[in-house]
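Encoded as structure tokens, the structure appears first; notes follow it.
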Amino acid sequence: MGIITGREYMDRIDRQQANVWVEGERVKGKISEHPAFSGVMRSQAKLYDMQHCKDKQHILTFRTSSGELAGASFLRPTTREDLEHRRLAFQEWAKISAGMMGRSPDYMNTAVMALSSAADFFGQQQPEYAEHLHSLYERAMKHDWSFTHTFINPQVNRSLCYFEDDKEIIAAKVVRETTDGIIVHGARLLATQGGITDELLVLPAGGNYIGDEYVYAFSIPSNTPGLKFVCRQSFAGDSAFNDPLSSRFEEVDAIVVFDNVLVPWERVFLYKNAWIAKDLYAESHLSAMLLHQVLARRVVKTEYFLGVVHLLIEAIQIGEYQHVKEKASEIAAALEALKALLYASEKEAKLDARGTMVPDLAPLSAAAFLYPRIYPRFTEIVQLLGASGLVCLPTESDFSSAIRSDLDRYLQAATLPAEERVQLFRLAWDMTMSAFGTRQTLYERFFFGDPVKFAVSFYNGYDKTKSVEMVQQFLDHTANRQKDDSLDEERK
Ligand SMILES: Cc1cc2nc3c(=O)[nH]c(=O)nc-3n(C[C@H](O)[C@H](O)[C@H](O)COP(=O)(O)OP(=O)(O)OC[C@H]3O[C@@H](n4cnc5c(N)ncnc54)[C@H](O)[C@@H]3O)c2cc1C
């Protein structure tokens, strides 16, 4: 098979009839026609279709060893050129959604590729776990599967000394083993795109070790019996004019409930081994591979922010004020810094012991540290410059009503007729102020984990040797100078 079309993606997800709940109702019929999912599924379908466009195929796909075409995010990089190929493909897809689709399929495909590249590590516990991972990767690539994932436990009590009462299971854990597999019961957070992907990938939740029954990793089809996706209220608008982003790119987030779910042994690749759970990120270079995709997307998203801000400035002619250009420069400077970090990660990439070309984690982590801090500032800049324009936002139907001539006169901008001006300001509003826009800010803050814990692990893992040696040499030199100076004094 190899690469699929958008139609194949939608049909496959419709057929699987996963157990998905939205606002108190189970989704019935075709999920691709449900208002909460239709926009984003059509956008996702477009991504799959792009793989078949002759002028994009060399970027978005590669030939596997068996000669089939596969999506570029499944490409296991062994050279710097492969990393560049992957980055160009990530960005080609990101451009479609202005970087707003954080969970386009390339994100988790990258995770599956990275994990399987270290399959032997998982096989140390049970050789068949390596086989299970290989087979997952091969099948995902062959059928162009999409994945959602869940890596954290429910937010009930985050105190360091909290232990769950065994009688009332909340965080999903293995409650039984059978000859067929493990039985998982409880809940996990927070599967973005839960219910509209082929598979659910589950990795051990971070935090303290709380027992072997919580240590597992597997991937199962989204329609596995007992699996339920409890979605938040959808923020999807229904008009491309009124809601230019949410109508197309709203990725609903879901709580994942496991109601005594049987996970077949052949889908498990880690179980009851805290040591493997602890080291799996380092061994598979999962963070570096994921952050390479994340930063490529964030560069595109930042380019969009700069474009929107510049068009706002032009539209209402505020460019002659210094503070306005200073604010726009903040975004431009951030963009350049992010691009430099992305390219540095590829330039400093190294082959690991398994022959995978791994982008340098340090610049990628630096970007991941910065983005949750600078992204809210981008949204603030849009608000500070857009001002009342971000609420003077008549709808598509206003423009086809009797008040159109008023709108044309009073909502025109220096460089744009009213309708185009409103379209631009609606885009700025949907990026930063609508429910969709504010969820984007929360997403950029948290989707890669708690930014505070991330900062701690970044600092702990950062190689400070050179800096420390330089300061040490400086201090030694200063001490020697002081000694020389006092000898000179004595000689005098
Ligand atoms: C929009 C969105 C989409 C997401 N999509 C996914 C997804 O697809 N898959 C997935 O697995 N996850 C997803 N996540 C979840 C994400 O991984 C978590 O939000 C993140 O790991 C933080 O966990 P938490 O939300 O439980 O926050 P908490 O851990 O509950 O943190 C709440 C607050 O307490 C502080 N805190 C808690 N514990 C500590 C501690 N030990 N030390 C210091 N401070 C602490 C935090 O700093 C924070 O300020 C998503 C999150 C968001 C917001």
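For clarity, every value in this text was computed on a predicted model and none was experimentally measured. Numbering of ligands and ligand atoms starts at 1, following listing order. All heavy atoms count here, side chains included; hydrogens, waters and symmetry mates do not.
In terms of N/O distances under 3.5 Å, ligand 1 is approached by Arg103. The distance criterion of under 3.5 Å between nitrogen or oxygen atoms is met by Phe151 with respect to ligand 1. Ligand 1 has a nitrogen or oxygen under 3.5 angstrom from a nitrogen or oxygen of Leu190. Where the criterion is an N or O separation shorter than 3.5 Å, residue side chain and backbone included, Thr148 fails it with respect to ligand 1.
Heavy-atom contacts of Phe446 reach the following atoms of ligand 1: 16 (C), 17 (O), 18 (C), 19 (O), 20 (C), 22 (C), 53 (C) (cutoff under 4.0 Å). Atoms of ligand 1 found under 4.0 Å from any heavy atom of Lys453, numbered from 1 in the order shown, are 38 (N), 39 (C), 40 (C), 41 (N). Atoms of ligand 1 found under 4.0 Å from any heavy atom of Tyr443 (numbered from 1 in listed order, with element): 1 (C), 2 (C), 3 (C). Close approach of ligand 1 to Thr150 is summarised as follows: ligand atoms under 4.0 Å from at least one heavy atom of the residue are 11 (O). Those atoms of ligand 1 with a heavy atom of Thr192 less than 4.0 angstrom away are 3 (C), 4 (C), 5 (N), 6 (C), 7 (C), 8 (O).
Between Lys301 and Glu444 there is a salt bridge, with a side-chain nitrogen of the basic residue lying less than 4.0 Å from a carboxylate oxygen of the acidic one. Taking a cutoff of 4.0 Å between a charged side-chain nitrogen and a carboxylate oxygen, Arg7 and Asp11 qualify as a salt bridge. Electrostatic pairing of Arg139 and Glu199 does not count as a salt bridge here, judged by no charged N lying under 4.0 Å from a carboxylate O. In summary, Arg377 and Glu380 engage in a salt bridge, as defined by a charged side-chain N under 4.0 Å from a carboxylate O. Note on Glu164 versus Lys173: no salt bridge recorded, every NZ/NE/NH1/NH2 to OD/OE distance being 4.0 Å or above. Salt bridge status for Glu250 with Arg232: present, with a side-chain N to carboxylate O gap under 4.0 Å.
In this pair, Tyr107 and His149 present their aromatic rings tilted. The plane angle is within the 30 to 60° band. Using the six-membered ring where Trp is involved, Tyr375 and Tyr371 have ring planes that are tilted, between 30° and 60° apart.
Residues Val257 and Phe229 have side chains not in contact (no heavy-atom distance under 4.5 Å, counting atoms from C-beta outward).
Residue contacts with ligand 1 for His149 involve both N, CA, C or O and side-chain atoms from C-beta outward (heavy atoms, distance under 4.0 Å). Neither the backbone nor the side chain of Arg188 comes within 4.0 Å of ligand 1, counting heavy atoms alone. Contacts between Asp253 and ligand 1, counted as non-hydrogen atom pairs separated by less than 4.0 Å, involve the side chain only.
At the top of the distance list for atom 29 (O) of ligand 1, counting protein heavy atoms only, stands Arg158 NE, 3.0 Å. Of the protein's non-hydrogen atoms, Gln155 NE2, 3.8 Å is the one closest to atom 32 (C) of ligand 1. Looking only at heavy atoms of the protein, atom 21 (O) of ligand 1 is closest to Gly449 CA, 3.3 Å. When hydrogens are left out, the protein atom nearest atom 36 (N) of ligand 1 is Asp450 OD2, 3.9 Å; that is the closest non-hydrogen contact.
The ring of Trp275 has its center no closer than 6.0 angstrom to the ring center of Phe122.
Relative to atom 18 (C) of ligand 1, the option among Leu201, Val256, Asn157, Ile152 with the closest non-hydrogen atom is Ile152.
By the definition of a contact as any protein heavy atom under 4.0 Å away, atom 49 (O) of ligand 1 is not in contact.
Arg86 places a side-chain N or O within donor-acceptor distance of the main-chain N or O of Ser73, the cut-off being under 3.5 Å.
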